[in-house]
Protein chains: 2
Amino acid sequence: MDFVSIIEAIKARRKSLKVTQNALSDLSGVALGALKKFESGKGNPTLSTLKKLCDALGLEITLNVKKTINP
Amino acid sequence: MDFVSIIEAIKARRKSLKVTQNALSDLSGVALGALKKFESGKGNPTLSTLKKLCDALGLEITLNVKKTINP
DNA sequence: TTAAAAAGAACGTTATAATGGACTTTGTAT
DNA sequence: ATACAAAGTCCATTATAACGTTCTTTTTAA
């Protein structure tokens, strides 16, 4: 998989809030194992898991029409 | 779950492109069953499934810091 | 430089998403 | 009204995410 930019967004936001993986796990209700796996690029979370993380971090998920020319 | 706005974004985009669920299933490689379940609000897709749909529809997934006051 | 904290890896078990198929309901156009 | 297409529902099987725990590696601070 490559959700690199999404993973990076989560990690960057978490760090900017100075929250550890353990703390985010508690705050979000997502199991520590699932969070670690996801942040280390080895996961494929369900939308509900991603949303729990985003909610805890004050992030919103949006879908936008791509304007860029077809990569 | 309530991914209402995400579901609506997918459906709206699909319809604006005049693509049927069957066609989107073919285009994206996501099984018809999974797509139907998701669009009817009964699913919890993995990120890879959501991304396949977005890719096929020319949508990108972005995470933004919420500016709104804590719902 | 070393002790503690944080992040990553590896497990077995349980829950559930993905798939493919058959069938039903709704929408659309003739 | 009626035929066809599209959307929705249900089912069994397979694949895999979520969870909890333990252990290892890396980072950070004293």
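Each chain gets a letter, A, B and so on, in the order the sequences are listed, and its residues count up from 1.
The minimum heavy-atom distance between B:K66 and A:L59, with the atom names listed, is CE-O, 3.5 Å.
Put simply, the residue from A:K15, A:R14, A:K11 that forms a salt bridge (Lys or Arg N to Asp or Glu O under 4.0 Å) with A:E39 is A:R14.
Not a single donor-acceptor pair under 3.5 Å links the side chain of B:T49 to the backbone N or O of B:P45.
Atom-to-atom, NZ of A:K37 to P of D:dT16 comes out at 10 Å; the value is rounded to the nearest Å. Computed from coordinates, the A:K11 NZ to C:dA6 P distance equals 16 Å when rounded to whole Å. Separating the CG atom of B:N44 from the P atom of C:dA18 is a distance of 8 Å, rounded to the nearest angstrom. As rounded to whole Å, 13 Å separates atom C1' of C:dA6 from atom CG of A:L24. Separating the NZ atom of A:K36 from the C1' atom of C:dA5 is a distance of 10 Å, rounded to the nearest angstrom. Rounding to whole angstrom units, CZ of residue B:F38 and P of C:dA18 are separated by 10 Å. Look at CD on A:Q21: it is 5 Å from C1' on C:dA7, rounded to the nearest Å. Remark: P of C:dT19 and CG of B:D26 are 12 Å apart, rounded to the nearest angstrom.
Distances shown here put every side-chain N or O of A:N22 at or beyond 4.0 Å from the OP1 or OP2 atom of C:dA6. When the side-chain nitrogen and oxygen atoms of B:S40 are compared with OP1 and OP2 of D:dT9, one or more of them lie within a distance under 4.0 Å. Close to D:dA7, at under 4.0 Å from its OP1 or OP2, lies a side-chain N or O of B:R14. For C:dA9, one of the phosphate oxygens OP1 or OP2 lies less than 4.0 angstrom from a side-chain nitrogen or oxygen of A:K42.
Each of B:T46 and B:K15 was assigned the nucleotide of DNA chain D with the nearest heavy atom; the assignment lying further toward the 5' end belongs to B:K15.
Under 3.5 Å, the side chains of B:T62 and A:T62 contain a donor-acceptor pair of N or O atoms. For the residue pair B:S28/B:D55, the side-chain donor-acceptor check at 3.5 Å is not satisfied.
Among the nucleotides D:dA17, D:dG8, C:dT19, the one closest to any side-chain atom of B:V30 is C:dT19.
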